[in-house]
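Take a look at the structure set out below.
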2 protein chains.
Amino acid sequence: MSVTIKDIAKKAGVSYSTVSKALRNSPLVKNPTKIKIKEIAEQLGYQPNAAARSLVQKKSYTVGVIWPTVERVAPSILITKLNELLEEHSYTTLLSINKVNQAIATFNRFQVDAIIVFGEHDNVQELSLASTVPILHYGVQTWKDAPTIDVNRQYAIKLAVTHLKELGHEHIAFIGDQSKENTLQRAKLIGFLESMGINEKSEIEKLVIPTNGLELHDGYMAAKQLFERQRNISAVISGSYDLTRGILRAANEFEYDVPKDFSLVSYDNIPQSEDLHIELTTVGVPISRIASEITKCVLTMIESKEPTHSVVLEPEININESTRKI
Amino acid sequence: MSVTIKDIAKKAGVSYSTVSKALRNSPLVKNPTKIKIKEIAEQLGYQPNAAARSLVQKKSYTVGVIWPTVERVAPSILITKLNELLEEHSYTTLLSINKVNQAIATFNRFQVDAIIVFGEHDNVQELSLASTVPILHYGVQTWKDAPTIDVNRQYAIKLAVTHLKELGHEHIAFIGDQSKENTLQRAKLIGFLESMGINEKSEIEKLVIPTNGLELHDGYMAAKQLFERQRNISAVISGSYDLTRGILRAANEFEYDVPKDFSLVSYDNIPQSEDLHIELTTVGVPISRIASEITKCVLTMIESKEPTHSVVLEPEININESTRKI
DNA sequence: TTGTACGCGTTATCAT
DNA sequence: ATGATAACGCGTACAA
């Protein structure tokens, strides 16, 4: 059986409402009493019953995060960060890997204060209507009615191209995933083509190396292919961090030095974790900023139940060792 | 504001206790009334308030899963599967990526009926004591007091060796991750050495190709290295599915055919998802069995609050196209 | 400064 | 077959 405030009250010789006040740090309780009560609570391993609390407060201080099937690894860092931030505002994060509509139902039953949905899925607006709780979507194209947060990936690649051109580079290649019908990856390619001013098929084939996925190995194979065929490339833009790691391994095998032999810009949100022997120049929205933006947005939605407007985060460039003047 | 049974009662012109019964399919309510009430509930988008329910029932029909380091695919598939199975028993799964002790506190406040902890961490027993809710650990060495579920990885590799020897193979290599101080990976290596009866350093170096991680690329590089140096290997055992994918790619480059040029056994739990042009012979405990074992265990713990005994799952071999007689 | 009483939404028990 | 009512643990307005 769980320990309740009544148990504490009995042991402390006070009424249970006094205990309640003491634990909530109310000024209506004398300090010595407060300390004594808190001690007993600690000692008994008291955990307030969330069910009872949310029942009376009509608030659970909890946000639900829906994280359905696919795309698991990438957003995990984001969710970890998000979790930390919400905790700082004394909110608890609960995750569900159920199907979206089912997860929404669950979170509604648990009276979470807000729901964050990761990734794309059908009929967003329908889902939003089915919930009494405000819902925020991340990583989808801006939707009409549902509040959404997304990143301008197209502009990120544009930033990379501009930077390289300023450094004098003209022969710039792009390595990125085009294996699936993925809007997110597609946006990066479009950003590249537009800012390079390319539209001829022959030129596209020369400068764009499509990969079959987003793993390290895909970047490795693409880079090898590039190095074998094209000798006059002076800069490479990579569509993801893992691809970049693969590109660096291939470069190493060819005994190419970055940035001496070619400059490298990586699309990326996550802080560089692995030791790559080089600090990368990256473009993208740092994951910490995404997380804090989501947090801000969610807290606003919780406070004023009005629909927040959707926001598109503008990426930044982080110039580092892997690029230099030609 | 959420819709409650009272709202439904008012609209249906009955008392709210009747509504409660009707929704719970009690035989104490006439069928026509029941149908009418259910219709109204549906129409109003009613979701039972989990807080209120668990308050009175002292049961939340929820299990909390703690997943501190959001890892790779394998565990996420397991959790997905687990989620499905628990759902079939009308339990809801909630995930937390918090630190273990904090997550336990959260889940206690939410009155979950049981907690499953994934992965290794310090002071298991301490944690178990801090919880009023039964805790089950997965993926750690069996612990004294805390109930644990784990897989016998060592024996899995032994199965692979035995199978290959029966097919007439003698020169068998092992490709596996040894980059970190990881007990789980270490167990596989020990299984290999023991069942091969190897202990000389020179032989170990010849037959064991250590990798620097568990990614596809690591398997690819290791296999290439193997193929270049050793010509008389007739079979390869791989420590993980991703490594196997890399090995197959390397084989493809060398124009080696599996199983014509060498047999391949992969350690693996997950159902083969990707199209590898070949059905693999695998050893390991299928993830579905792990999931159902965990489910069984958890449900037992919930029902009889007694500590279940720890269990070690015995792997099986799944013979397929990738191995054949020498 | 502390204690009493009520209500949150639900289920379960008892009375009608 | 249906309705009234107590109880779950907590927070809070109000009484002492």
Side-chain angles (χ1 to χ4, degrees), chain A residues 1-38 40-41 44-62 90 105-113 132-133, chain B residues 1-38 40-41 44-62 90 92 108-113 132-133:
Chain A
M1 216 359 239
S2 240
V3 31
T4 75
I5 48 172
K6 285 185 185 170
D7 301 324
I8 300 174
K10 205 177 290 175
K11 193 151 190 179
V14 296
S15 87
Y16 64 84
S17 73
T18 307
V19 174
S20 173
K21 283 172 205 150
L23 293 177
R24 311 218 60 232
N25 242 324
S26 159
L28 300 176
V29 180
K30 258 204 300 193
N31 236 319
T33 333
K34 209 184 271 184
I35 292 174
K36 187 173 144 203
I37 290 175
K38 283 189 176 174
I40 297 180
L44 259 46
Y46 170 74
Q47 286 292 339
N49 184 321
R53 172 177 285 174
S54 86
L55 198 54
V56 55
Q57 289 195 153
K58 290 177 167 272
K59 202 158 177 332
S60 59
Y61 291 95
T62 304
S90 48
T106 301
F107 283 145
N108 271 280
R109 283 189 283 114
F110 276 88
Q111 306 270 97
V112 301
D113 300 327
T132 53
V133 175
Chain B
M1 220 355 242
S2 239
V3 29
T4 75
I5 47 172
K6 289 185 182 169
D7 300 326
I8 301 174
K10 205 176 290 174
K11 195 152 188 177
V14 295
S15 85
Y16 67 84
S17 68
T18 306
V19 174
S20 174
K21 282 173 206 149
L23 293 177
R24 311 216 62 227
N25 243 324
S26 159
L28 300 176
V29 181
K30 257 203 300 195
N31 236 319
T33 339
K34 208 185 272 187
I35 292 173
K36 188 172 142 204
I37 290 175
K38 283 189 175 175
I40 297 181
L44 259 45
Y46 170 75
Q47 286 290 341
N49 184 322
R53 171 177 287 173
S54 85
L55 197 55
V56 56
Q57 290 197 152
K58 289 177 168 275
K59 202 156 177 333
S60 59
Y61 291 96
T62 305
S90 50
T92 298
N108 271 281
R109 283 191 281 114
F110 275 87
Q111 306 268 98
V112 301
D113 300 328
T132 51
V133 174

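Here is how names work: the chains are called A, B, and so on, in the same order as the sequence lines, proteins then strands, and each is numbered from 1. Because the structure is predicted, anything quoted here is derived from the model rather than measured.
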Between CG of A/Leu55 and C1' of D/dT12 the distance, given in whole Å, is 14 Å
Between P of C/dG7 and NZ of A/Lys59, the distance in whole Å = 24 Å
Given C/dA12, is OP1 or OP2 found less than 4.0 Å from the side-chain N or O atoms of B/Arg24?
-> yes
For A/Lys58 and C/dG9, is the shortest distance between a side-chain N/O and OP1 or OP2 below 4.0 Å?
-> yes
Rounded to whole angstrom units, what separation is found between the CG atom of B/Asp7 and the P atom of C/dG9?
-> 8 Å
Length of the line joining B/Ile5:CD1 and C/dA12:P, which is rounded to integer Å | 11 Å
With respect to the phosphate group of C/dT11, does any side-chain polar atom (N or O) of B/Ser20 fall under 4.0 Å of OP1 or OP2?
-> yes
Verdict with reasoning, A/Lys36 to A/Val14, per side chain to side chain contact (heavy atoms under 4.5 Å, CB included) = CA-CA 11 Å; A/Lys36 187 173 144 203; A/Val14 296; 5.8 Å; no
So, do A/Thr62 and A/Phe107 sit near enough that their side-chain heavy atoms are less than 4.5 Å apart?
-> no
Rounded to the nearest 0.5 angstrom, the CD-CD distance for A/Gln111 and B/Gln47 is 10.0 Å
Taking atom NZ of B/Lys59 as the centre, report whether more than 12 heavy atoms of other residues, nucleotides or ligands fall under 6.0 Å from it.
-> yes
Tell me: CG of A/Asn25 to P of D/dG11, nearest whole Å?
-> 13 Å
Measure from NZ on B/Lys6 to P on D/dT5 and round the result to the nearest Å.
-> 12 Å
Could you list, one pair per line, each protein nitrogen or oxygen that sits under 3.5 Å from a nitrogen or oxygen of nucleotides 1-3 of chain D, together with the distance?
from  : atom 1 : to      : atom 2 : distance (Å)
D/dT2 : OP1    : B/Thr33 : OG1    : 3.3
D/dT2 : OP2    : B/Lys30 : N      : 2.9
D/dT2 : OP2    : B/Thr33 : OG1    : 3.3
D/dG3 : OP2    : B/Ser15 : N      : 2.9
D/dG3 : OP2    : B/Ser15 : OG     : 3.4
D/dG3 : OP2    : B/Thr18 : OG1    : 2.5
D/dG3 : N7     : B/Ser17 : OG     : 3.2
D/dG3 : N7     : B/Lys21 : NZ     : 3.4
D/dG3 : O6     : B/Lys21 : NZ     : 2.5

Review item, side-chain donor-acceptor pairs of residues 23-35 of chain A, under 3.5 Å, at least two apart:
from    : atom 1 : to      : atom 2 : distance (Å)
A/Ser26 : OG     : A/Leu28 : N      : 3.0
A/Thr33 : OG1    : A/Lys30 : O      : 3.4
A/Lys34 : NZ     : A/Ser26 : O      : 3.2

Greater than 12 external heavy atoms within 6.0 Å of A/Lys11's NZ | no
Between A/Ile37, A/Ile40, A/Thr4, which is the residue that forms a side-chain contact (heavy atoms from CB on, under 4.5 Å) with A/Val19?
-> A/Ile37
d(CD1, A/Ile37; C1', D/dC10) in whole Å | 15 Å
N/O (side chain, B/Tyr46) to phosphate O (OP1/OP2, C/dT10) under 4.0 Å | yes
Length of the line joining A/Gln57:CD and C/dC6:P, which is rounded to integer Å | 21 Å
